[in-house]
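Just so you know, these numbers come straight off a predicted model, no measurement behind them. Quick note: numbers below take in every heavy atom, side chains included, and nothing from hydrogens, waters or symmetry partners.
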Amino acid sequence: MRKLTLTILLTGSIYLSRAQTTAAVNPRPLTMDEYNKAQTFTIADLDKDTYVKFENAYVLDRYENRKPYFITGSDGLKKRVDIYKLIAKDGMQEIGLMVFYTNEKGKLYKALVPDFTADGKVWEKYFLDIDNINKVETNFILKLSYVLSKELSFQQYKVLNGGKDMKEESATYGNDICFPGDEMVTMANGGKKMLSTIKSGDEVITIDPVTNKSSVVRVKELTTHEAKNYALTRLVLVAADVKNTRAGQLVNLNTKILQATPNHPMLTKQGNLKMGEITAGQEVLCLNEQTGKYEAFTVLQKTENGGGIQKVYNIVADGGSTLLMNGVMVMQK
């Protein structure tokens with residue numbers, strides 16, 4: 001039984017990593033040093049932290065924005081499984097799949113599934129590691145194989161639909177973290193400039209999320225990604241200043257609209273979230289031009305659709321962690 005499970009796991013892992021690398025550009029293998037280094041990577045809050053950087057060289061990005069798996073076996077014990085893509089920032093290439101497995105006692109185990117191009121010795125180390133975990137955590141491999149098989153099925157579905165007339169909502173959900181390009185960026189002189197026309201050397205505003213104080217940073221690069229049918233999340237944000245008078249309630253509405261790829265990080269009152277994870281009713285920090293202050297705007301509406309074939313853009317600045325797009329504070333990549 002154990003041998004059969006390992007065989008299924010091996011097949012699923014290889015096909016899953018192959019499915020991931022098929023869509024990647026210039027895939028490179030996960031090295032043994034990177035495999036060992038990644039074992040030290042931790043996620044502080046698996047419920048909230050969906051995009052975490054390490055050493056400014058690697059990223060753990062929640063796989064396909066999946067919620068965790070909760071698996072209860074015949075023993076009645078519930079296990080939690082969270083999966084993240086391991087991405088090398090240089091080239092934003094997916095080089096592995098990190099699995100965080102939490103048992104019913106809160107004990108955390110990690111498994112790093114190498115990408116398909118990894119050396120055989122890395123794969124041997126992976127199987128040795130999960131076999132060792134399985135010796136102390138009963139049925140670890142069985143539950144891991146279930147999760148990987150389920151995701152393999154999803155990847156096959158995406159491949160089978162490649163080139164067909166899929167629904168607009170089935171646009172590209174890749175690693176590109178960008179904007180369509182017609183957003184207005186707040187510049188250092190207080191003016192606005194369309195994102196797609198931003199150039200290296202331009203000075204833009206960044207805001208400290210803790211103090212709400214703004215400062216000036218210089219643009220190092222405007223990253224441009226090739227035209228695809230990107231999925232875009234669209235947020236409609238609103239702030240209402242309500243005053244009760246003898247005549248009735250005076251309501252001063254201030255609205256903002258912003259679009260970006262669903263994986264673009266934003267700072268909300270609930271923490272750092274991807275745009276695709278934000279829900280109606282949550283609050284996002286924006287510049288209120290009427291008061292000149294940075295205030296919380298409430299998400300009135302959220303939609304997610306394909307944006308049609310188009311390029312997308314992203315600013316890389318020489319400092320700061322935020323930028324203002326259409327008056328909405330967004331996190332830098």
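- Side-chain atoms of Asp202 come within 3.5 Å of backbone N or O of Lys199 as a donor-acceptor pair.
- Linking Ile, Leu, Val, Met, Phe, Trp and Tyr whenever their side-chain heavy atoms come within less than 4.5 Å leaves Leu273 and Leu285 in two separate clusters.
- Between Asn263 and Thr261, the side chains place a donor N or O and an acceptor N or O closer than 3.5 Å (distance only, hydrogens not considered).
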TODO: Would you check, one step at a time, whether the test salt bridge (Lys or Arg N to Asp or Glu O under 4.0 Å) holds for Arg234 with Glu304?
DONE: CA-CA 6 Å; Arg234 181 176 185 268; Glu304 192 166 290; over 6 Å; no
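- Side chains of Cys178 and His264 form no contact here, defined as non-hydrogen atoms less than 4.5 Å apart.
- A donor-acceptor pair under 3.5 Å is formed between the side chain of Asp115 and the backbone N or O of Thr117.
- No single ILVMFWY cluster, assembled from side-chain heavy atoms under 4.5 Å apart, contains both Leu267 and Val204.
- Defined by atom type and a distance below 3.5 Å, a donor-acceptor pair is present between the side-chain atoms of Glu151 and Tyr69.
- Summarising the geometry of Leu222 relative to Ser196, their closest heavy-atom pair is CD2-O, 3.9 Å, with the distance given to 0.1 Å.
- Contact record, Pro180 with Val312: CA-CG1, 4.3 Å, taken as the closest heavy-atom pair.
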Task: Pair Tyr35-Asp129, side-chain contact (heavy atoms from CB on, under 4.5 Å): steps then yes or no - done: CA-CA 11 Å; Tyr35 178 90; Asp129 286 347; 2.6 Å; yes
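- Taken from CD in Glu124 to CG in Asp119, the straight-line distance is 8.0 Å, to the nearest 0.5 Å.
- Here CD of Glu226 is found 10.0 Å from CD1 of Ile309. Values are rounded to the nearest 0.5 Å.
- Under a cut-off of 6.0 angstrom, the local environment of NZ in Lys89 is crowded, with over 12 non-hydrogen atoms contributed by other residues, nucleotides or ligands.
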Open item on the list: Apply side-chain contact (heavy atoms from CB on, under 4.5 Å) to residues Leu287 and Ile207 and explain how you reach the verdict.
Closed with: CA-CA 10 Å; Leu287 174 62; Ile207 305 101; over 6 Å; no
Open item on the list: Before you tell me yes or no, could you show the steps for Lys256 and Glu289 under salt bridge (Lys or Arg N to Asp or Glu O under 4.0 Å), namely the whole-Å CA-CA distance, both residues' side-chain angles and the distance that decides it to 0.1 Å?
Closed with: CA-CA 11 Å; Lys256 297 182 184 298; Glu289 288 84 357; 2.8 Å; yes
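- Under a 3.5 Å cut-off, the side chain of Thr298 and the backbone N or O of Glu283 do not form any donor-acceptor pair.
- Between Leu324 and Tyr294, the shortest heavy-atom contact is CD1-CE2, 3.9 Å.
- With contacts defined as side-chain heavy-atom distances shorter than 4.5 Å, the pair Thr42/Lys110 qualifies.
- Counting non-hydrogen atoms of neighbouring residues, nucleotides and ligands closer than 6.0 angstrom, the NZ atom of Lys48 reaches no more than 12 such neighbours.
- Between the side chain of Lys302 and the main chain of Ile278, a donor-acceptor pair closer than 3.5 Å is present.
- The minimum heavy-atom distance between Pro68 and Arg62, with the atom names listed, is N-NH1, 4.0 Å.
- Proximity of a side-chain donor or acceptor of Asp49 to a complementary backbone N or O of Ile43 within less than 3.5 Å is not detected.
- Using a 4.5 Å heavy-atom cutoff, the side chains of Leu323 and Gln332 are in contact.
- Counting heavy-atom neighbours within 6.0 Å of Asp90 CG, excluding the residue itself, gives a total of 12 or less.
- Residues Leu86 and Leu144 are members of one and the same hydrophobic cluster, defined by side-chain heavy-atom contacts under 4.5 angstrom among Ile, Leu, Val, Met, Phe, Trp and Tyr.
- The pair Lys37-Glu55 counts as a salt bridge, with a side-chain nitrogen and a carboxylate oxygen less than 4.0 angstrom apart.
- The OG1 atom of Thr322 sits 8.0 Å away from the CG atom of Asp208 when rounded to the nearest 0.5 Å.
- By the rule that hydrophobic residues join a cluster once side-chain heavy atoms approach within less than 4.5 Å of another member, Phe127 and Leu97 end up as members of one cluster.
- A donor-acceptor contact shorter than 3.5 Å is absent between the side chain of Asn314 and the backbone of Thr223.
- Between the side chain of Glu183 and the backbone N or O of Gly181 there is at least one donor-acceptor pair closer than 3.5 Å.
- Atom CG of Asn254 and atom OG1 of Thr291 lie 8.0 Å apart (nearest 0.5 Å).
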- [ ] Apply the test side-chain contact (heavy atoms from CB on, under 4.5 Å) to residues Tyr51 and Met331: give CA-CA distance (whole Å), side-chain angles for both, the deciding distance (0.1 Å), then the verdict.
- [x] CA-CA 11 Å; Tyr51 189 87; Met331 306 300 291; over 6 Å; no
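- Thr186 has its side chain within reach of Lys192: a pair of non-hydrogen atoms, C-beta onward, lies under 4.5 Å apart.
- Side-chain N or O atoms of Lys107 include none that pairs as donor or acceptor with a backbone N or O of Tyr101 at under 3.5 Å.
- To the nearest 0.5 Å, atoms CG (Leu112) and CG (Leu30) are separated by 5.5 Å.
- Using a 4.5 Å cut-off on side-chain heavy atoms (C-beta onward), Met266 and Leu258 make contact.
- Listed here is the closest heavy atom pair of Ala317 and Lys220: O-CD, 3.5 Å.
- Glu137 and Lys79 are joined by a salt bridge, as a carboxylate oxygen and a charged side-chain nitrogen come within less than 4.0 angstrom of each other.
- Between Phe100 and Tyr84, a ring centre-to-centre spacing shorter than 6.0 Å is recorded.
- Here Phe41 contributes atom CZ and Leu60 contributes atom CG; the two are 7.0 Å apart, rounded to the nearest 0.5 Å.
- Atom OH of Tyr146 sits in a sparse spot, with 12 or fewer heavy atoms from other residues, nucleotides or ligands closer than 6.0 Å.
- Taking hydrophobic clusters as Ile, Leu, Val, Met, Phe, Trp and Tyr residues chained together by side-chain heavy-atom distances below 4.5 Å, Ile205 does not share a cluster with Phe297.
- Val330 places a side-chain heavy atom less than 4.5 Å from the side chain of Phe179.
- Across Gln310 and Leu232, no two heavy atoms sit closer than the pair NE2-CD1, 3.6 Å.
- Side chains of Thr279 and Val299 form no contact here, defined as non-hydrogen atoms less than 4.5 Å apart.
- You'll find the side chain of Phe140 reaches within 4.5 Å of the side chain of Asn134, heavy atoms only.
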